[in-house]
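Notes follow once the structure below has been shown.
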Amino acid sequence: MKIAVCIKRVPDMDVRFKIAAIGNAVDEGGLKFDMNDFDSWAVEAALQIKDRDAATEVVIVSLGTDAVQETIRKALAMGADRGVELKADHIPFDGLAIARALAAELKDGGYDLILFGKQSADSSNGVVGAMVGELLGLPLVTAISKLEISGRTGSAKREIEGGQEFVDFPLPAVLTIDQGLNIARYPALKGIMAAKKKPLEVKPAQLGVQTVTVTQMELPPERAPGRIIGEGVAAVPELVRLLQTEAKVL
């Protein structure tokens, strides 16, 4: 089996963000970057298939500046076989432009499975995987929380509002991975050393025309500071009064 996993390098979402001076992008100064969590679960899904079938090849594909090589190397350290960087001077907001570039790379690759994270933590668009499925004309299953592959057929579970959905699909297929499918493995020292020697090919990203751009970004308003009204049981009457008269939730 041959599996492609498309990953994205995203900022650590636990830090405070600043808007860059140009007003439509995040100031990346001082930020830490890592693999998007949903993408790490997609990598783990591919590696678990490889664990069961050593003949499986796992290829990591990422679009961006040369900085994405660090993220690709992390996936290689986890156990993937090789990487492809689709080099661009920036990652556009236009999901269709990204999807076109990825589809151009993937269409003749002979992949049985093409995996994505359900969405990226920074833009949260969640559209690229679905668009790649459409551009390649392949079966698409999104937001998978359980996956089984048997021969040329796959079965998946999706969490939907108020229930679960079970689907079957033929291979080749495009899948997007949701939280809960697995826990991504940490790269071992042996894997980190091996990753340095694994092939990583760099190609220009075929982004084409970009029709959607970010014009302005704003941070949410600062929250009002908390207020201490007392301690223990004695504070309950005042808390109830404030919930009734100020918060108006009672």
Just by distance, with hydrogens left out, do S62 and R9 show a side-chain donor and acceptor under 3.5 Å apart? no
Please say yes or no: joined through hydrophobic side-chain contacts below 4.5 Å, possibly via intermediate residues, are I144 and I114 part of one cluster? no
Check: V212 main-chain N/O paired with D94 side-chain donor or acceptor under 3.5 Å: yes
Taking 4.0 angstrom as the limit, do E70 and R73 come out as a salt bridge? no
Let me confirm one number: the CZ-CG distance from R52 to L47, rounded to the nearest 0.5 Å. 11.0 Å
Taking the side chain as every heavy atom from C-beta outward, state whether Y111 and L106 have any atom pair closer than 4.5 Å. yes
Taking side chain as C-beta onward, heavy atoms only, is V167 less than 4.5 Å from E165? yes
S145 side chain to E159 side chain, donor-acceptor N/O pair below 3.5 angstrom: yes
Test log, rule side-chain hydrogen bond (donor to acceptor under 3.5 Å, both in side chains), inputs S123 and S120: CA-CA 6 Å; S123 67; S120 62; 2.9 Å; yes
4.5 Å side-chain heavy-atom contact, E28 and K18: no
Using 0.5 Å steps for rounding, measure from the OG1 atom of T71 to the CG atom of D39. 9.5 Å
Tell me the salt bridge (charged side-chain N to carboxylate O under 4.0 Å, His left out) pairs involving residues 60-69, sequence neighbours left out? D66-K87
Linking I/L/V/M/F/W/Y whenever their side-chain heavy atoms sit closer than 4.5 Å, directly or via other members, would V84 and L102 fall into one cluster? yes
Student check: side-chain heavy atoms of V174 and F116 closer than 4.5 Å: yes
With heavy-atom distances below 4.5 Å as the criterion, would you say the side chains of E201 and K203 are in contact? yes
Which value, rounded to the nearest 0.5 Å, describes the distance between D53 atom CG and I149 atom CD1? 12.0 Å
Check whether any side-chain heavy atom of D81 lies under 4.5 Å from a side-chain heavy atom of V59, and answer yes or no. no
Does M1 belong to the same Ile/Leu/Val/Met/Phe/Trp/Tyr cluster as V141, with side-chain heavy atoms less than 4.5 Å apart forming each link? yes
Out of curiosity, M217 CE to I19 CD1, how far, rounded to the nearest 0.5 Å? 4.5 Å
Does this structure show an ion pair linking K118 with D178, if we count only N-O contacts that are shorter than 4.0 Å? yes
Determine whether V10 and V61 fall in the same hydrophobic cluster, where Ile, Leu, Val, Met, Phe, Trp and Tyr are linked whenever their side-chain heavy atoms lie under 4.5 Å apart. no
Checking the side chain of N125 only, and the main-chain atoms of V127 only, is there a donor and an acceptor separated by less than 3.5 Å? no
Could you tell me whether a side-chain N or O of N182 sits under 3.5 Å from a main-chain N or O of E44, the two making a donor and an acceptor? no
Could you check whether any side-chain heavy atom of V43 comes within less than 4.5 Å of a side-chain heavy atom of K74, counting everything from C-beta outward? no
For residues F17 and L31, determine if any side-chain heavy atom of one lies less than 4.5 Å from a side-chain heavy atom of the other. yes
Residues K198, E57: salt bridge by 4.0 Å N-O rule: no
Would you give the length of the straight line joining atom CG of L138 to atom CZ of F169, rounded to the nearest 0.5 angstrom? 11.5 Å
Quick one: pull up OG in S155 and CD in E148 and give me the separation to the nearest 0.5 Å. 6.0 Å
Taking T245's backbone N and O only, do any of them form a donor-acceptor pair with K248's side chain (distance below 3.5 Å, no angle check)? yes
Common cluster, F33/V15, ILVMFWY with side-chain heavy-atom separation under 4.5 Å: yes
